[in-house]
Amino acid sequence: MRKITYGQAICEAIDEEMARDKSVIFLGEDIEVLGGNFRATPGLYEKYGGWRVRNTPISENSFTGLGLGAALTGLRPIVEIMFCDFMMLAGDQIVNQIAKIRYMSGGQARVPLTIRTTLGAGRSTAAQHSQSLQAIVCHIPGLKVVMPSSASEAKGLLKTAIRDDNPVVFFEHKMEYNKTYEVPEGEYIIPFGVANILKEGKDITIVGTSNQALKALQAAEELTKEGIDAEVIDPRTLVPLDKDTIIKSVKKTGRLLIVDEGYERCGVAGEIAMSILKDVFYHLNAPIERLTTANVPIPFSPALEFPLIPDEKKIYQRVKDMVLG
Amino acid sequence: MRKITYGQAICEAIDEEMARDKSVIFLGEDIEVLGGNFRATPGLYEKYGGWRVRNTPISENSFTGLGLGAALTGLRPIVEIMFCDFMMLAGDQIVNQIAKIRYMSGGQARVPLTIRTTLGAGRSTAAQHSQSLQAIVCHIPGLKVVMPSSASEAKGLLKTAIRDDNPVVFFEHKMEYNKTYEVPEGEYIIPFGVANILKEGKDITIVGTSNQALKALQAAEELTKEGIDAEVIDPRTLVPLDKDTIIKSVKKTGRLLIVDEGYERCGVAGEIAMSILKDVFYHLNAPIERLTTANVPIPFSPALEFPLIPDEKKIYQRVKDMVLG
Amino acid sequence: MENKFNPIKDYNLSKEKLIKMYQDMLKIRYFENKITDLYSKGLMPGLAHLYIGEEAIAVGVCNNLTERDFATSTHRGHGHLIAQGCDLKRMMAEVLGKEDGYCRGKGGTMHIADFSKGILGANGIVGAGIPIATGSGYSAKVRGTDQVTVAFFGDAASNQGTFHESINMAAAWKLPVIYVCENNLYGISVDIRKVANTKDIATRALAYDIPGVVVDGNDVLEVYMVTKEAVERARRGEGPTLIEGKTYRWKGHHLGDPGRVYRLEKETKEWMARCPIKTYKERLLNENVATDKELVIIEKEIKQMVEEAANFAIKSPYPKEEEAFEDLFTEPEGVK
Amino acid sequence: MENKFNPIKDYNLSKEKLIKMYQDMLKIRYFENKITDLYSKGLMPGLAHLYIGEEAIAVGVCNNLTERDFATSTHRGHGHLIAQGCDLKRMMAEVLGKEDGYCRGKGGTMHIADFSKGILGANGIVGAGIPIATGSGYSAKVRGTDQVTVAFFGDAASNQGTFHESINMAAAWKLPVIYVCENNLYGISVDIRKVANTKDIATRALAYDIPGVVVDGNDVLEVYMVTKEAVERARRGEGPTLIEGKTYRWKGHHLGDPGRVYRLEKETKEWMARCPIKTYKERLLNENVATDKELVIIEKEIKQMVEEAANFAIKSPYPKEEEAFEDLFTEPEGVK
Ligand SMILES: Cc1ncc(C[n+]2csc(CCOP(=O)(O)OP(=O)(O)O)c2C)c(N)n1
Ligand SMILES: Cc1ncc(C[n+]2csc(CCOP(=O)(O)OP(=O)(O)O)c2C)c(N)n1
Ligand SMILES: [Mg+2]
Ligand SMILES: [Mg+2]
């Protein structure tokens with residue numbers, strides 16, 4: 001299969017959807033000549049022009065709200081928020097408007113809006129450019145939440161997001177843009193709410209969100225050498241969440257580790273655990289565990305940053321402790 | 001003991017602290033002649049004057065940031081955000097600035113700032129004035145989070161919040177302001193991180209946040225008639241969380257129900273469960289359960305609103321199901 | 001000079017239009033009087049933010065719009081919806097939290113929306129409609145229509161960041177949006193002069209190099225004409241206008257707030273003497289646009305219409321518990 | 001006329017002050033050249049947003065402040081800190097993520113703070129320092145001191161809601177805050193004229209009825225004098241001023257961005273020809289404030305100082321893993 005970068009996969013998804021549907025527009029900071037902060041989407045401005053691809057001023061709350069207004073009146077906007085940390089500036093529009101207007105209007109409003117943003121640490125960009133704030137949008141009813149792992153996943157899921165008539169928050173991992181992956185040629189979409197089993201196994205289930213699914217897979221492959229056979233699941237979407245696949249897996253393995261780069265407290269890992277606890281309780285051989293970023297802001301120095309973030313080594317070690325310890 | 005309202009208890013706490021420490025200032029919308037939206041703090045403006053008690057314009061992000069700037073330079077501000085829903089407008093200042101500046105500055109900054117806000121449904125004020133967004137601030141490292149139950153709790157905890165040299169988000173329940181409670185005379189403070197056991201019991205532990213602690217107590221009293229002896233715990237502060245008291249209780253009872261008015265997904269109830277799961281796992285007779293507001297926005301009509309919110313009846317029923325079912 | 005100018009004739013408005021604006025204002029007034037009544041009887045849940053006294057703004061503005069245009073409203077939104085021709089029955093049912101309401105009881109007074117009339121929603125968050133209206137304007141531009149969008153908001157809302165951010169974008173990109181600031185001098189209890197150093201909010205237009213116009217918000221014809229120009233400008237692709245209508249709310253911030261401690265009785269009385277409906281009625285009579293008899297009939301009809309709306313709303317059932325789980329996402333996805 | 005006016009003499013500034021401003025600008029320039037060097041050697045983690053070309057603003061502004069005054073800075077903050085007298089060693093150590101840095105390696109270039117000098121922090125969120133500065137001004141007012149606070153921010157930041165909300169409060173309450181907009185024409189790749197309909201950001205002062213002044217941001221003396229007036233005004237209790245310094249960043253948005261695709265080479269060259277340091281140096285010589293020899297010595301000293309800072313930073317150890325859990329809350333509470 002051909003290999004392209006994660007960034008290219010994102011760009012293809014947008015390009016294909018913009019070509020397919022002229023109501024798709026794309027708004028954000030520095031997306032015109034730069035193709036976005038991570039240079040993921042070059043060429044779209046030249047191809048679709050300045051009204052369909054537009055640089056916004058640095059006014060996150062209002063350009064996100066502008067996206068909502070456009071979505072309500074016949075367009076299908078993609079709004080890029082450069083770092084998910086900056087979603088906090090658009091908190092009102094995301095939490096109180098976008099998530100709720102369909103409900104508040106008794107189903108009158110249709111909000112075909114995709115918010116693309118980035119998460120993740122690892123670039124030494126410190127506390128305000130390294131967060132993984134997916135838990136906040138998961139907490140708010142009315143938003144779909146997507147956490148693609150690889151490039152092929154990103155492409156198929158982003159196309160689904162754009163076509164969805166509901167607001168979707170789509171999290172791209174900033175450490176992935178330049179990585180190369182196999183991606184199928186041509187059009188394809190990946191439905192929401194269907195988890196992907198990356199590896200089958202019988203000793204423990206590892207659920208990893210975003211690129212932690214890939215790290216979990218690496219760890220799992222390494223663990224086979226220790227005789228541990230882990231099942232690895234990429235949930236793909238957190239809202240809706242494919243609980244059934246996870247439940248089935250845990251009933252088989254009796255153990256569950258959830259890996260997520262967000263802060264631990266009130267985070268996604270705990271939620272996945274609690275959302276299935278009742279179903280799997282009597283099948284568990286050990287308590288469900290979470291591996292997340294610790295409850296501290298992300299520090300600047302790489303000497304401090306890397307030890308805090310989950311990675312394949314930490315997954316490996318934790319699984320070993322859970323299965324053997 | 002004398003009886004005063006929850007609102008009066010709040011007002012006393014602020015009044016006493018303002019009298020005690022002239023660096024305490026109080027900022028918010030409509031706090032001067034009205035004493036705030038819930039008329040909880042009348043008289044302070046007249047007593048302390050317009051610089052120490054000041055009406056802000058409707059600029060949540062900036063007046064919250066103004067509070068931070070004042071806290072960094074020698075004052076001890078109390079910032080009132082009328083409804084916690086509006087915290088989303090101040091998302092950047094709360095999440096990216098207030099919570100992080102001490103950490104980012106390597107411990108140079110001291111942020112003696114209290115954000116007072118209100119949570120809770122029940123007044124038919126619909127989706128943007130009825131939320132309970134404590135999970136969002138709990139998720140963010142660097143903020144202390146307080147959820148007082150009764151008036152006496154509110155007073156003692158608010159005084160501690162104001163005296164704390166760290167940022168504290170203090171959630172008042174909007175249905176409580178006019179309720180009357182016994183409150184001790186004179187000064188007292190209640191330390192953070194020490195849960196309050198409202199009732200001892202042996203069959204199940206119920207943890208209730210904010211006024212759900214009181215509802216849990218009512219339910220527990222009713223449940224004694226069914227022969228069910230529930231232990232009721234008010235955690236008081238979610239950050240820091242007194243895990244030990246809860247763990248000890250669950251080890252004894254073998255069952256845990258957590259009641260919180262926030263949305264379920266990535267909420268506080270799940271967090272409390274997961275934060276102790278490993279400690280209590282082998283003592284559990286049944287899976288830990290949560291009773292929260294469902295994952296939908298709060299609807300306007302009382303016909304829709306009340307069925308969604310946890311209350312003493314729903315607690316009663318759920319506990320019965322858990323213990324007997 | 002002043003009395004030589006005959007605004008009704010010189011503005012060249014049809015009798016139909018002139019009468020319609022009178023009807024619209026009356027509808028708002030009676031509709032809200034009825035709300036007061038239902039509220040005091042315990043039939044209306046939640047908070048009622050009344051528009052009484054400010055009718056001329058909504059009516060003067062919306063009479064320049066068609067159903068294909070758009071508007072975002074506020075917590076004080078009944079007037080905007082009525083002026084835009086929304087159905088009183090479904091409005092009242094929504095205000096009472098009933099099944100037949102515009103939002104099936106989910107929105108209530110602070111969130112009534114009627115997408116069929118271009119009303120993108122009342123809004124409980126002060127200032128939040130402004131970016132949404134701006135997006136609607138952007139949308140018209142991209143879709144190549146001549147639709148305009150009105151953003152209604154209060155004086156206090158003009159201190160929100162969204163005011164600045166949104167008007168800045170609309171100005172930079174010449175979006176067809178009319179920003180209508182209803183300056184009733186207070187945001188709840190707060191005198192705008194205490195929290196802003198701006199005599200006229202319209203002055204803020206200078207920051208974006210767009211027209212900013214102050215208008216007597218109690219004069220429906222003045223509001224109409226100023227808006228007309230702004231709408232034409234917007235439809236011609238020349239960009240946004242900021243209009244500030246000076247007005248006053250007669251009641252408290254909402255029913256339950258007497259609205260007195262923070263305002264002088266004298267001030268309130270002076271404004272009430274300048275009732276936008278009464279003065280307009282006198283004008284219609286003085287200019288011989290309508291006879292007293294005609295106006296009396298109109299008033300009766302509107303009373304009747306409001307009465308019917310109330311009865312309809314009262315009779316409408318409450319939504320069923322399980323409906324709380326509907327309308328979150330489009331079908332067929334359902335709630336989760 | 002122009003050439004009759006001798007700014008140095010007419011401004012009545014001491015030689016000491018005049019030389020200090022030269023030194024400060026040079027410090028910034030050499031400090032950032034050194035960062036470029038360390039970055040290219042892989043010694044500096046993260047993003048380096050360089051201030052090179054804009055030195056005259058920070059230096060002209062901060063030379064009006066004392067250590068008891070306050071300032072909030074931006075992602076492009078080295079210049080502000082250096083002009084305010086912060087220690088180059090601890091700055092450089094922070095930039096490299098080392099234990100001896102101002103923030104013990106937790107902040108890095110985007111978050112350096114020095115509370116002992118009144119620097120309330122650089123900030124990674126565009127526009128977020130503006131309310132913080134406003135609060136610092138409020139604090140001075142409440143505490144009854146004559147401290148002033150400067151909020152530094154860029155042209156693009158002036159489109160954030162915080163700009164509007166904060167200046168509105170400062171104007172309404174006459175807070176001692178100086179809002180300094182460093183207009184380098186771009187926010188990353190975006191030409192300010194594409195996203196704002198405002199020729200001069202200073203015009204926005206009209207919205208709050210406060211003074212708004214445009215100044216040549218590459219002329220340190222002009223910046224100094226304009227700020228002086230604003231500071232005196234603020235200290236007299238007369239409220240805030242908005243100052244816009246027109247300038248240009250020579251480099252890309254950060255090291256790693258060549259900064260070319262969105263700017264014309266001609267434009268960059270023209271601005272570089274107006275180097276704030278070079279022109280000031282010529283002036284010092286022409287006005288006989290200093291001799292060539294003196295200035296050469298100064299330059300050497302500063303190079304040396306920067307060299308020492310770099311060596312100090314390179315030698316400083318990285319923080320220990322467990323320190324990641326410190327500094328969240330004040331002692332004795334600890335992390336959780
Ligand atoms: C973001 C936000 N902050 C505060 C409030 C509470 N609140 C509701 S209406 C109001 C005053 C609004 O004043 P203005 O914009 O002048 O409109 P008016 O009520 O006078 O029509 C306030 C403070 C709110 N709803 N939203
Ligand atoms: C809220 C927010 N939005 C976007 C960014 C990304 N960003 C960093 S600097 C910058 C441009 C800032 O431009 P300006 O304010 O003019 O300052 P300059 O970089 O030109 O000095 C942007 C968009 C950010 N850091 N914060
Ligand atoms: Mg008002
Ligand atoms: Mg700039």
Side-chain angles (χ1 to χ4, degrees), chain A residues 27-39 42 45 50 54-65 82-83 85-93 121-131 263-265 293-309, chain D residues 44-47 75 93-99 101 103-112 122-128 154-164 186-192 194-196 253 257 261-263 317-328 335-336:
Chain A
L27 308 165
E29 291 161 4
D30 299 287
I31 63 171
E32 295 181 5
V33 294
L34 288 190
N37 190 55
F38 294 95
R39 312 292 190 272
Y45 169 65
R54 175 152 298 232
N55 277 347
T56 60
I58 310 185
S59 311
E60 278 80 2
N61 198 33
S62 292
F63 74 67
T64 304
M82 202 182 270
F83 291 81
D85 316 64
F86 309 165
M87 283 198 313
M88 297 299 95
L89 287 105
D92 177 56
Q93 287 293 328
R123 295 178 86 236
S124 303
T125 46
Q128 297 171 340
H129 288 71
S130 307
Q131 296 176 93
Y263 303 119
E264 182 181 72
R265 195 164 41 231
T293 294
N295 291 323
V296 292
I298 313 294
F300 168 71
S301 183
L304 300 171
E305 181 184 24
F306 289 106
L308 288 179
I309 323 165
Chain D
M44 187 209 153
L47 303 170
H75 56 288
E94 190 57 40
V95 167
L96 301 196
K98 299 298 189 72
E99 177 65 40
C103 313
R104 308 178 65 206
K106 292 202 174 73
T109 163
M110 272 198 289
H111 305 292
I112 316 187
N123 209 314
I125 302 293
V126 170
D155 47 291
S158 80
N159 297 325
Q160 278 289 25
T162 50
F163 169 92
H164 172 65
Y186 296 85
I188 309 186
S189 70
V190 182
D191 185 328
I192 180 74
K194 292 282 199 74
V195 290
H253 176 61
D257 164 30
V261 286
Y262 50 84
R263 305 194 297 193
Y318 281 106
K320 291 194 222 56
E321 225 178 283
E322 56 274 23
E323 289 178 32
F325 295 90
E326 296 170 4
D327 297 327
L328 188 59
V335 172
K336 303 248 162 154

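Note on naming: letters A, B, ... go to the chains in the order of the sequence lines (proteins, then strands), and numbering restarts at 1 for each one.
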Those residues at least two apart in sequence (or on a different chain) that pass side-chain contact (heavy atoms from CB on, under 4.5 Å) with D/Pro45 are A/Ser124, A/Phe300, A/Pro302

Chain D contact via A/Glu305 - which portion, at a heavy-atom distance below 4.5 Å | neither

If you look at every heavy atom in A/Ala126 and D/His111, which pair is closest and at what distance?
-> CB-CD2, 3.6 Å

A/Ser59 side chain vs D/Gln160 backbone, donor-acceptor pair below 3.5 Å = no

Which atom pairs, one a donor and one an acceptor, fall under 3.5 Å between side chains of residues 27-34 of chain A and the rest of the protein, sequence neighbours left out?
from	atom 1	to	atom 2	distance (Å)
A/Asp30	OD1	D/Ser189	N	2.8
A/Asp30	OD1	D/Ser189	OG	2.6
A/Glu32	OE2	A/Asn55	N	2.8

Would you mind checking which part of A/Thr56 comes under 4.5 Å of any heavy atom in chain D, side chain (CB onward), backbone (N, CA, C, O), both or neither?
-> backbone

Answer whether the closest heavy-atom distance between the side chains of A/Arg39 and D/Asp257 falls below 4.5 Å.
-> yes

Between D/Glu321, D/Lys98, D/His253, which residue shows the highest count of heavy-atom pairs closer than 4.5 Å to chain A?
-> D/Glu321

With only heavy atoms counted, which part of A/Leu308 is less than 4.5 Å from chain D, the side chain, the backbone, both or neither?
-> side chain

Any side-chain heavy atom of D/Ile192 sitting closer than 4.5 Å to one from A/Pro57?
-> no

Turns out that what part of A/Arg54 lies under 4.5 Å from chain D's heavy atoms comes down to neither

D/Gly97 backbone acceptor or donor facing A/Ser301 side chain under 3.5 Å | yes

Note, A/Gln128 side chain near D/Met110 side chain (heavy atom, < 4.5 Å) = no

